[in-house]
Amino acid sequence: MEKIRMTTPLVEMDGDEMTRILWADIKKELLEPYIDLKTEYYDLGLPHREKTHDQVTIDSANATKKYGVAVKCATITPNAQRLEEYQLSQMWKSPNGTIRSILDGTVFRTPIMVKGISPVVRNWKKPITIARHAYGDVYKNTELQPQGPGKAELVFTDEAGRETRQTIFDFQGPGVLQGQYNTDRSISSFARSCFQYALDARQELWFAAKDTISKQYDHRFKDIFQEIFEAEYKDKFAQAGIGYFYTLIDDAVARVIRSEGGFIWACKNYDGDVMSDMVSTAFGSLAMMTSVLVSPEGNYEYEAAHGTVTRHYYRYLKGEETSTNPMATLFAWTGALRKRGELDNIPALGQFADKLEAASIAVIEGGVMTRDLSALWEGEAPARVVTSRDFLGAVRAQLEKTP
């Protein structure tokens, strides 16, 4: 069979530990036999980030701006233990955070649903997409630990040198404080990305924050969303038959639990980080969650929503077989290939991505799966737990059967 040819490369961002092993296996078993795969490769594995002083992460983000579509493996965000383990010169920042900051995008995460694995919340019948703002807030905060009594102030100095001061707290002893920020420009990009994604998906959009407590910070998000909706999207939403509304985040949590799903829930940066893990776990597993970063300029970066599966990697290094779920990583590749085909007018790429996703879901629905899913399995036939490589082999066999 002639391989599908690509005209523009994908930006390929390799990663760390067990997901790096799965990355190579997916390419070898499920992509390269069928596609003349064209990528611009960046090694975001922690040793290479150390070697380049993290310049490789910046370069990969700029390459995404150039080519428009990237696919990323899971990567390590080092802590003190990793600093020692990998003999790093410093605790390098989260690659995801760096890439998101450069692209100024919004992360959309959606669970992969299969028959035989029911959500923990029994009334959820349709996927819930979390739209996470990917700029600023606590991820770009400045922190300080006062060691004794004193006054903490918030100070803003404008271009003319005029100062505005507000007292944060009069400390009577040691404590901790932090300052965080966002910009109207980034919030506006976040809003437009969410509204456009909702239109493309034809799904209702919810936005939730806490403006009753954060009367300026969160309220600014609320106001910008409403202004852009009224000026640019209200009529389009009406024509599409979908709605938009704002609610407090605690109220949103209650609404989400009572819903049947099938909508997009937009959250600020930290809220989205937490809620996407909650939603993915309730639907089954972080390894069954798609994730795509969409920039205002229309650049796309597809990734797995989970980490590098360190525990399995240590077992792999001992020569042991692992049953690690590759679905999220596989769907990162299919998402990127589908978008590349759409942008380059190569329908065969999108059709192949659809077939590969359908084949992987069919394997699980047929009772063959990795260990993480077997505990959730409710199918009629008993679950057959297989290794990661055997699962990919089963997907390839299913793919070969597909006309």
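These numbers come from the heavy atoms of this one structure, side chains and all, not from hydrogens, waters or symmetry mates.
Side chains of Arg49 and Thr98: a donor-acceptor N/O pair is absent below 3.5 angstrom, by distance only. Residues Asp200 and Gln196 have side chains that bring a donor and an acceptor to within less than 3.5 angstrom of each other. Ser89 and His53 are not linked by any side-chain donor-acceptor pair at a separation below 3.5 angstrom, with hydrogens and angles left out of the test. For Asn182 and Tyr135, the side-chain atoms include no donor-acceptor pair closer than 3.5 Å. The closest side-chain donor-acceptor pair between Tyr217 and Asp137 falls under 3.5 angstrom.
Note: Phe207 and Phe225 meet the aromatic proximity criterion, with ring centroids under 6.0 Å apart.
By the side-chain hydrogen bond (donor to acceptor under 3.5 Å, both in side chains) test, Asp59 is found to be paired with Gln55, residues two or more places apart in sequence or in another chain being considered.
A cation-pi arrangement is present between Lys268 and Phe221, with the terminal nitrogen or guanidinium carbon under 6.0 Å from the aromatic centre and inside a 45° cone about the axis. Note that Lys236 lies in the cation-pi zone of Tyr233, set by a 6.0 Å cut-off to the ring centre and a 45° limit from the axis.
Contact detail for Lys72 and Glu301: the closest heavy-atom pair is CB-OE2, 3.2 Å.
A perpendicular orientation is assigned to the rings of Phe171 and Phe169, their planes being inclined by more than 60° (bins at 30° and 60°).
Residue-environment remark: CD (Glu163) exceeds the threshold of 12 foreign heavy atoms within 6.0 Å. By the 6.0 Å contact criterion, NZ on Lys93 is open, its count of non-hydrogen atoms from other residues, nucleotides or ligands being 12 or less. The neighbour count for Glu143 CD, taken as heavy atoms of other residues, nucleotides or ligands under 6.0 Å away, is above 12.
The existence of a salt bridge linking Lys318 and Glu320 is excluded, since no basic side-chain nitrogen approaches an acidic carboxylate oxygen closer than 4.0 Å.
For the ring pair (Phe, Tyr, Trp, His ring centres under 6.0 Å) criterion with Trp206, the lone passing option out of Phe263, Tyr244, Trp265, Tyr246 is Phe263.
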